[in-house]
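Down below is the structure, laid out as structure tokens.
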Amino acid sequence: MAVDVQFGGADLARLAPNPYALGMEGSDILAIAAQINALKATGAQVANFTIGDFDPKLFPIPEALAEAVSEELAAGQTNYPPAVGLPELRKAISGFYAERLGFRWPAESILVGSGARPPIYAAFRTIVAPGDQILFPTPTWNCRYYVYLSQGVAVPVVTRPETGFMPTLADLAPHLATARVLYLNSPLNPCGTVIQAELLREICLAIVAENRRRADLGERPLLVIYDMVYWQLTFGAEHVTPVGLVPEMAPYTLLIDAISKWWAATGLRVGWAAVPPTLFGPMQSLIGHIGAWAGRAEQRAVARLLAEPSRTAPFVAGMNASLSGRLTRLYDGFSAMSAEGLPVTAIPARGAIYLSVRFDLLGRRGIHTDEDLRARLLSEAGVGIVPFTAFGYPPGTGWVRFSVGAASDPDVDAALARIRRFLAG
Ligand SMILES: Cc1ncc(COP(=O)(O)O)c(C=O)c1O
């Protein structure tokens, strides 16, 4: 019989006497999700709007993708892929962007990884020197963890609901002369909003001008990491990119993308970064040494499907219809409550899988903090959400994220009814 392995009581500081390791933080969102699962295990009725993932029963991957991966496995595509990604996949991504986004990024400068995260990590580690300033709007997904991992200095800029929580040039301008990197994400996790062309164009033109100034002084340019992992999930809005709007941005832009969200394939792990050619070498080595490449069969399958976009277009259209339908249902429910005078407001979703909702309850009914609000919505309305504070937004606003990737229409209706009772009570 096997015995349980005993590890004794050595504390972390003695086992890992490295300030870098000791300062590492886990994701707030995963901790919240664990609490919900524990509550569900007791038999409680809980609608889980916390996770930025899909329930495969509600959102399976495209059939063509499942078939292609199986075929590639059966054909023996099981050995190491090249660390930068298979040439056919990099070529297919380049062709797909040319067709859909209107610019041809050289295939040799596209680096494939296991989802978007390793290319994001490699980008930060490559372009950030310790102490460099990294400018990013909040609320924003996980950027601050990558700032930590690259030993940069976080310069968060608080955004407002009036701009869909997107930064304006005026918000960023005070930091443009000193920042090394600007991280932008659209469609935005956690808000479900999309940056408008005019806003992004203005920001890009200011960056081009700033980089001209720096070039004259021999200084390093300001680079933009543009995270567009949700870009095919946009409804009633146009997806725009720095390079598409201002071609002079190409030497300063790193595009981050993945199939994770738009093919509901978070578990297949295929993502990439399209980067200026000079940055490619060090990023390639980093991805190679950590072994963060995508599976070979998955890469082959994705390459085949991207080369023939008509095969997956109906799938993406269907995803958009269900996601926008569900998000609108949720938004309409909150708007009706608001019209009744209940203390809630929401911002219409234009992309991704999220809705921004504000509960005006802080300072009332014994609710003092965003964490109190989260806990009371969970215990009294059976609804799991993530407060914007988990995305670096200042405390005390009552803004929260609803994610619909694992919620059916009946889940949405039942949750709205419980929230209504909670708010009216
Ligand atoms: C904005 C954003 N970027 C990147 C990622 C990471 O994507 P992947 O699962 O492909 O690593 C996520 C995942 O939630 C995200 O929301």
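The analysis underlying the following values was restricted to heavy atoms, covering all of them including side chains, and did not include hydrogens, waters or symmetry mates. Just so you know, residue 1 is the first one in the sequence shown, and it goes up from there. Both counts, for ligands and for their atoms, begin at 1 and track the order of listing.
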*Verdict with reasoning, Q77 to R296, per side-chain hydrogen bond (donor to acceptor under 3.5 Å, both in side chains)*: CA-CA 6 Å; Q77 294 291 342; R296 187 183 188 97; 2.8 Å; yes
Quick one: nearest non-hydrogen protein atom to [atom], plus distance?
atom                    : value
atom 3 (N) of ligand 1  : D227 OD2, 2.6 Å
atom 10 (O) of ligand 1 : S260 OG, 2.6 Å
atom 6 (C) of ligand 1  : R117 NH1, 3.4 Å

*Identify, by atom number and element, the atoms of ligand 1 in contact range of V229, meaning under 4.0 Å from any of its heavy atoms.*
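Checking each atom against V229, I get 1 (C), 2 (C), 3 (N), 4 (C), 15 (C).
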*asked:* I'd like to check which ligand 1 atoms, numbered from 1 as shown, lie under 4.0 Å from a non-hydrogen atom of G115.
replied: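 Counting from 1, the qualifying ligand atoms are 10 (O), 11 (O).
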*Option nearest atom 13 (C) of ligand 1 (shortest heavy-atom distance, choices R269, K261, M228)*: K261
Would one find an N or O of [X], backbone or side chain, under 3.5 Å from an N or O of ligand 1?
X    : value
Y230 : yes
G52  : no
N185 : no

*asked:* Are more than 12 heavy atoms, taken from residues, nucleotides or ligands other than Y80, located less than 6.0 Å from that residue's OH atom?
replied: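 Not buried by this count: 12 neighbours or fewer within 6.0 Å.
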*Give the ring-plane orientation class for F103 versus Y97, where under 30° counts as parallel, over 60° as perpendicular and anything between as tilted.*
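Ring orientation, 0 to 90° scale: perpendicular.
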*Between A258 and ligand 1, find which residue part has any heavy-atom pair under 4.0 Å and reply side chain, backbone, both or neither.*
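Under 4.0 Å from ligand 1, A258 contributes side-chain atoms alone.
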*asked:* Can a donor-acceptor pair be found, under 3.5 Å and without considering hydrogens, that links the side chain of S356 to the backbone of I347?
replied: no
*Check: W105 main-chain N/O paired with S94 side-chain donor or acceptor under 3.5 Å*: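 Flag set: sc S94 to bb W105 pair under 3.5 Å.
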*Do Y146 and Y183 have ring centres separated by under 6.0 Å?*
no
*Would you please say whether a donor-acceptor pair under 3.5 Å links the side chains of R269 and Q299?*
no
